Amino acid sequence: MNTEQEFTVTVADIRDIADKVVELTLVAADGEIPKWEPGAHIDLILGPDLVRQYSLCGDPDDHDTLTIAVLRETVSRGGSAYVHEHLSAGDTLRIRGPRNNFPLHDSESYRFIAGGIGITPLLPMIRTVARQGAAWTLHYGGRTRGSMAYLSELSALGDIHVHAKDETGRMDLDTILTPDPDTLVYCCGPESLLDSVEIRCAATWPAATLHIERFAPKPIADAATDREFEVECAQSGMTVQVPAGTSILAAVEAAGIPVLSSCREGTCGTCETVVLDGLPDHRDSLLDPQDTDVMMICRSRARTPRLVLDL
Ligand code: FES
């Protein structure tokens with residue numbers, strides 16, 4: 001079964017860093033801050049049914065604090081509104097993680113593309129590659145400069161290109177994504193940006209060049225053809241039928257098998273489960289078709305009539 005460390009932190013500081021963006025500095029209240037790598041995120045447990053994921057945007061070498069930045073969403077599902085309206089310095093919070101679905105791979109050269117609050121997972125990556133001496137550029141888009149967090153810090157680090165929409169319009173992705181076979185592309189931001197970058201990289205860049213992180217679930221194209229399949233849960237010794245329209249997660253929970261979950265829409269990685277036999281049909285926003293040994297059971301299904309899972 002998947003289990004994760006959960007612990008208490010204290011909000012040491014909360015401050016405005018851009019239009020509608022606050023930065024929270026968290027310190028461990030009971031124990032140590034766990035180690036993390038660039039690209040990692042934590043779950044903030046804000047209430048019984050209010051768990052939200054936020055990228056760590058501090059310095060991975062700072063073992064005393066965790067830093068997150070939270071945009072007040074125009075249409076909040078509760079998480080960003082809670083952070084902006086209810087949290088203040090001195091409050092304690094339960095958190096889970098860190099967890100990393102967006103790791104930084106070794107390369108001599110990187111092209112980072114951020115849209116708005118999508119800068120948060122990229123900031124620790126940029127700090128790291130700048131320290132290592134790798135070549136990098138950042139293209140950072142936003143509504144206005146005032147809405148873009150960490151602009152001055154990034155400018156001090158090196159080669160950044162600011163694309164404020166009210167000054168220069170949208171980023172010209174065709175120019176930004178001129179292919180370079182020795183460069184990795186890392187992108188995070190709104191869906192429209194991710195989709196555009198994905199299309200261009202698929203057309204002109206080598207496979208496995210692009211690494212993206214989604215904050216929202218990918219649409220499912222072929223849900224109408226979903227079929228029932230069988231899941232054998234190896235640890236618990238139970239076999240569960242998963243009908244069309246029901247997730248594996250819901251089916252195993254209904255059978256009394258506890259599974260840790262959070263977003264339940266394939267974006268956070270909490271429900272990652274080892275596949276012992278059978279082929280997963282990945283519907284999440286994290287795994288690729290070649291990842292056949294794990295799956296996100298809140299959203300993904302089966303390519304074979306039967307899966308054996310480490311549950
Ligand atoms: S619960 Fe978030 S990916 Fe499954």
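Because the structure is predicted, anything quoted here is derived from the model rather than measured. Whatever order the structure lists them in is the order used to number ligands and atoms, beginning at 1.
In terms of heavy-atom proximity, Leu26 sits nearest to Ile42 at CD1-CD1, 4.0 Å. When all heavy atoms of Gly278 and Thr304 are compared, the closest pair comes out as CA-OG1, 3.4 Å. The nearest pair of heavy atoms linking Leu46 to Tyr82 is CD2-CD2, 3.7 Å.
Proximity to Cys298 (heavy-atom distance under 4.0 Å) selects the following atoms of ligand 1: 1 (S), 3 (S), 4 (Fe). Near Arg264, with a cut-off below 4.0 Å to any heavy atom, the atoms of ligand 1 are 1 (S), 2 (Fe). Atoms of ligand 1 found under 4.0 Å from any heavy atom of Gly266, numbered from 1 in the order shown, are 3 (S). The contact set between ligand 1 and Thr267, taken as ligand atoms under 4.0 Å from a residue heavy atom, comprises 3 (S). Near Gly269, meaning under 4.0 Å from one of its heavy atoms, ligand 1 places the atoms 2 (Fe), 3 (S). Counting atoms of ligand 1 from 1 in the listed order, those under 4.0 Å from a heavy atom of Ser262 are 1 (S). Of all atoms in ligand 1, numbered sequentially from 1 with element shown, those under 4.0 Å from a heavy atom of Cys271 are 1 (S), 3 (S), 4 (Fe).
Between Tyr186 and His211, the distance separating the two ring centers is shorter than 6.0 angstrom.
The side chain to side chain contact (heavy atoms under 4.5 Å, CB included) with Met296 is formed by just one residue from the set Asp291, Thr270, Asp284; it is Asp284. When each of Ile212, Thr209, Ile176 is checked for a side chain to side chain contact (heavy atoms under 4.5 Å, CB included) with Val185, only Thr209 meets the rule.
Atom 2 (Fe) of ligand 1 is the vertex of the angle joining SG of Cys268 and SG of Cys263, which measures 100° to the nearest 10°.
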| query | Yes or no on side-chain contact (heavy atoms from CB on, under 4.5 Å) for Met125 and Phe102, after CA distance, side-chain angles and deciding distance? | reply | CA-CA 10 Å; Met125 294 185 181; Phe102 189 39; 3.6 Å; yes
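With a 4.0 Å heavy-atom cut-off, ligand 1 is reached by no atom of Leu249.
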